[in-house]
Amino acid sequence: MEKIQIAEILRSGKVGTEITVKGWVRTRRGSKNVNFIALNDGSTINNLQVVAEIEIFGEEIFKSINTGAAIGATGILVASSGSGQSVELKAEKIELIGLSDPDKYPIQPKRHTLEFLREMAHLRPRTATFSAVFRIRHAMIFAIHSFFNDRGFFNVHTPIITSSDAEGAGEMFRVTTHPATNPPLNEEGKVDFTQDFFGKAANLTVSGQLEGELFAMALSKIYTFGPTFRAENSNTSRHLAEFWMIEPEVAFCDLTDNMDLAEDFLKYLINYALEHCMDDLMFLSSRLTEEEKVKPADQRSMELIEKLRFVADNDFIRLTYTEAIEILKNSKPNKKGKFQYPITGYGTDLQSEHERFLVEQEFKKPVILTNYPKEIKAFYMRLDDNGQTVAAMDVLFPQIGEIIGGSQREERLEMLERRMDEMHIPKEDLDWYLDTRRYGGCPHAGFGLGFERLMLFVTGMGNIRDVIPFARTPKNCEF
RNA sequence: UCCUUAGUAGCUCAGUUGGUUAGAGCGGCGGACUGUUAAUCCGUAGGUCGUAGGUUCAAGUCCUACCUGAGGAGCCA
C-alpha cells in the first residue's frame, strides 16, 4: 500500500478507501477502549486523527506512541463521529517507525515561547507555528521565481565569495585559509593576502548588485536570489548576519519603472500567499490574535489576513524625501516635541520613529520614499538634476520598516567617477564595474528585497530569527 | 555597540521588608473514567534558584563582574 500525504487526504480523500499514512505524533489521547492519535506529516497544518481501538492493538503499543514519535498507520478513511474533523483514519495496522522518549522529548503538546523553540531550531519545524512559517517560506521562494520568470527576467547566481569590498553596504566576513594564529605577514607586518587562498583578501558578499548590473547590461532583465552576509553587530528583531536577498536589475529602466516593479512584485507575492497558503495564514492569524489579546487595544495591529489584503489591494504612497520632511516637520508629534530626533528641515536623517509615523500614522499604508539627499546614499545612485538628491527609493512597510532599498543607477561615467571620488571609493578596484558605463551604458535600475523581512510581513511573525530555518546573529551560530 | 529588562522544576511562572524543609499550573510517569479534541479526575517523581565572586549569624532575595535571552535605538535588507 502506497502512502499518501495528509494534505492530499484532507483535500480529496474518499471515505471508505484504504490508505496508509506516515508521520509524527502530535498528541495521543488514551482511554479504555480507544486511542486518538493526532498525526502530522508536515504536508499541511492540519492533523489526521488516527483512531485505534485497544481491542485490536492491545495496550502495550500505545506506550510507544508518544508525542514526536514517527509511525505509520493503515486503515479505512471514515467520516468522523467526533466534532473536530470531518474524516479520520480507522486504523487496522500501526507501524512504529521511530520512537520518541516522552520523558526527554522537549516539545510538548502545549504552548511554548518562540524564544524557547528558537533554542531547538532542529525540532521546531515539528510545531504547528514553524511548519506553517516554513511552508509559507517555500511558497514565497517559488512565487519569486515565478514572478520574474513570467516577466522575462533571468536568474543570475552572483558570487558568494567576493574580493570586492568597495560597495560599503556593511561590515564583511573575511574568507581565508590562513591559520588563525600567526598568519603569514608582509614587510609592513600586516597579514599577507598574496599567500592566501585567492591571492588577495576575500569576503562573503554583502550584495550581488554590482555583479547583477553587469548581467543586466547584457540580458536586460535579471534577478539574483541568494544568501548575503553582514558582519554588523546588529542586535534587533529585523537583522540577521546571514540572510537571503532578491535583487532585480533592469536595463533601460528609470526610477518610476523601478517603483512600479517593486510594488507589483510585493503585491504579487502577498496575493500568492493568500491564494496558496490560506490554511497556514489562518493558523498564524489566530495565533497572533490570541497573543494580541494581552496588549492594550490601541497597540493591537490589524488582523493578519486583513492586513495582507489591504496591502495587496491599495496603491502604495509615493513621496519624495523632501515632501516627507515637510510632512514630518508639520506633524503633531514633531510640533509637540514627541520625536526623540526633531525634524528641522532638509538634510535631517530619517529615523525609524519618522518612518513609522509616515507608514503607521499619517498614511496607514506602505510608503515609497524617493530622492534622498546624495550624502546619505550610496555612490552608484543616479544624481538628480538638482545636484542635491539621488534617484533612490525605499519601500517602507508597517512594523518592519525598510523592506526594499533601491535606485536608478548612475549610468553617466563622468558623474559616477566624480561620486566615487567624493565618497573615496577606490576606482581601480571597480574598473570592471565602470566598464559597463564605458561600453554601451544605459539607464538602468534595481532594488534589493530582504527575503526574511518579506517573511516577517507575510507571516506576521515578530522576530526575524523565527522566519529563517537557522538564524545567524551576533553570538549565535548553532547547528 | 548603547539604553531598558529578565534568567527559579522539562515548559510557563509565583516566591513579601534577607529568616526553618523553595511552590503552582502545564508536561512526564502510574491509576480511574470517557468517541477524545489543549480531554477530565486521583496519585507521583522532578530544583547546585544563569555563572563567578562579595556582604551577612543567615542570600532565590542585597552588591559587583560576566554570560545569555527579550524590547527599543543605531546600522541596514
Side-chain angles (χ1 to χ4, degrees), chain A residues 26-38 46-54 59 63 66-68 78-85 88 90 100-120 127-128 167-171 206-209 226-247 262 290 299 340-341 349-356 376-378 394-397 400-406 447-457 462-466 468 473-476 478:
Chain A
R26 279 283 165 79
T27 61
R28 178 175 63 80
R29 290 177 288 276
S31 77
K32 192 180 246 174
N33 304 319
V34 67
N35 266 249
F36 301 96
I37 303 159
N46 299 304
N47 302 325
L48 180 68
Q49 175 156 284
V50 176
V51 183
E53 285 176 24
I54 292 180
E59 284 184 28
K63 292 188 172 152
N66 308 113
T67 301
V78 298
S80 179
S81 45
S83 58
Q85 56 283 316
E88 62 192 16
K90 193 164 160 39
S100 173
D101 184 344
D103 209 29
K104 292 181 182 150
Y105 185 62
I107 298 181
Q108 305 158 1
K110 58 166 277 189
R111 263 185 105 76
H112 290 291
T113 59
L114 297 174
E115 291 80 23
F116 170 69
L117 292 171
R118 211 173 286 153
E119 291 168 15
M120 324 242 137
T127 64
E167 211 224 324
E171 287 298 310
V206 293
S207 161
Q209 183 201 313
T228 45
F229 307 87
R230 306 272 166 96
E232 303 285 353
N233 190 12
S234 294
N235 293 289
T236 82
S237 52
R238 298 182 305 282
H239 290 85
L240 291 164
E242 176 182 291
F243 65 101
W244 289 68
M245 191 150 65
I246 300 105
E247 295 180 287
E290 196 65 30
Q299 280 178 35
Q340 197 185 339
Y341 300 89
D349 242 347
L350 293 186
Q351 309 290 326
S352 15
E353 59 175 348
H354 307 129
E355 295 178 352
R356 269 212 313 277
I376 57 177
K377 287 292 178 185
D394 284 359
V395 181
L396 309 177
F397 261 38
I400 292 153
E402 189 182 340
I403 195 167
I404 278 181
F447 61 80
L449 169 71
F451 183 54
E452 283 76 19
R453 291 205 178 156
L454 171 82
M455 283 296 299
L456 279 181
F457 184 74
N463 193 311
I464 202 161
R465 297 170 177 93
D466 295 331
I468 189 167
T473 52
K475 302 283 189 298
N476 184 359
E478 295 303 310

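Lettering of chains follows the sequences in order, A, B, ..., and the numbering in each one begins at 1.
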Counterpart base for B:A73, defined by Watson-Crick or G-U wobble contacts under 3.5 Å: B:U1
Examine the base of B:C11 for any acceptor or donor lying under 3.5 Å from a partner atom in the side chain of A:His112, and report the outcome as yes or no. no
Please state the P separation for the pair B:G15 and B:A6 - nearest whole angstrom. 12 Å
B:U55 and B:A9: how far apart are their P atoms, nearest whole angstrom? 28 Å
Using a 4.0 Å heavy-atom cut-off across all strands, classify A:Pro102 as base, sugar-phosphate, or nothing. sugar-phosphate
When you check the phosphate oxygens OP1 and OP2 of B:U36, does a side-chain N or O of A:Arg26 lie under 4.0 Å from one of them? no
With a cut-off of less than 4.0 Å, is there a side-chain N or O of A:Gln351 near OP1 or OP2 of B:G74? yes
OP1 or OP2 of B:C29 less than 4.0 angstrom from a side-chain nitrogen or oxygen of A:Asn66, does that happen here? yes
If the P atom of B:C49 is compared with that of B:A59, how far apart are they to the nearest Å? 12 Å
Measure from CG on A:Asn235 to P on B:C76 and round the result to the nearest Å. 16 Å
Using a heavy-atom cut-off of 4.0 Å across all strands, would you classify A:Gly82 as base, sugar-phosphate, or nothing? base
With distance as the sole criterion, is a donor-acceptor pair present between the side chains of A:Ser80 and A:Gln49 under 3.5 Å? no
As an exercise, state the distance from CG of A:Leu117 to CZ of A:Arg111, rounded to the nearest 0.5 Å. 10.5 Å
Should A:Leu240 and A:Glu452 count as side-chain neighbours, where that means a heavy-atom distance under 4.5 Å? yes
Return the value, rounded to whole Å, for the distance between atom CG of A:Leu117 and atom P of B:C11. 11 Å
So, does A:Thr236 get its side chain near the phosphate of B:G71, meaning an N or O under 4.0 Å from OP1 or OP2? no
Using the C1' atom on both, measure B:G74 against B:C57 and round to a whole Å. 50 Å
Using a 4.0 Å heavy-atom cut-off across all strands, classify A:Thr228 as base, sugar-phosphate, or nothing. nothing
Could you check whether the side chain of A:Gln108 and the base of B:G10 have a donor-acceptor pair of N or O atoms closer than 3.5 Å, going by distance alone? yes
Separation of B:C3 atom P from A:Asn233 atom CG, nearest Å, is 14 Å
Can you find a donor-acceptor pair, distance only, under 3.5 Å between A:Asn35 side chain and B:U36 base? no
Round to a whole Å and report the spacing from NZ of A:Lys63 to C1' of B:G31. 11 Å
Between A:Glu53 and A:Lys90, is there a side-chain N and carboxylate O pair less than 4.0 Å apart? yes
Under 4.0 Å, heavy atoms only, any strand: does A:Leu240 hit a base, just the sugar-phosphate, or nothing? base
Assign A:Asn463 to base, sugar-phosphate, or nothing according to its heavy-atom contacts below 4.0 angstrom with the strands shown. sugar-phosphate
Whom does B:A6 pair with, Watson-Crick or G-U wobble, provided both distances fall under 3.5 Å? B:U68
May I ask you to verify whether the side chain of A:Glu115 and the base of B:U12 hold a donor-acceptor pair under 3.5 Å? no
Answer for the Watson-Crick or wobble partner of B:A22, both distances under 3.5 Å, is none
If the cut-off is 4.0 Å, is A:Arg230 near the phosphate of B:C76, judged by side-chain N/O to OP1 or OP2? no
When we call it a touch if two heavy atoms are under 4.0 Å apart, what does A:Lys104 touch: a base, just sugar-phosphate, or nothing? nothing
Decide yes or no for A:Arg453 and A:His239: does some side-chain heavy atom of the first lie under 4.5 Å from some side-chain heavy atom of the second? yes
What about A:Glu53, does its side chain sit under 3.5 Å from the base of B:G35 through a donor-acceptor pair? no
How many whole angstroms separate atom CG of A:Asn33 from atom P of B:C33? 10 Å
Looking across every strand, which nucleic acid part, if any, lies under 4.0 Å from A:Gln49 by heavy atom: base, sugar-phosphate, or nothing? base
Taking only N and O in the side chain of A:Ser234, is any of them less than 4.0 Å away from OP1 or OP2 of B:C75? no
Across the strands shown, which category fits A:Asp103 at heavy-atom distances under 4.0 angstrom: base, sugar-phosphate, nothing? sugar-phosphate
Heavy atoms, side chains only, cut-off 4.5 Å: are A:Ser237 and A:Ile464 in contact? no
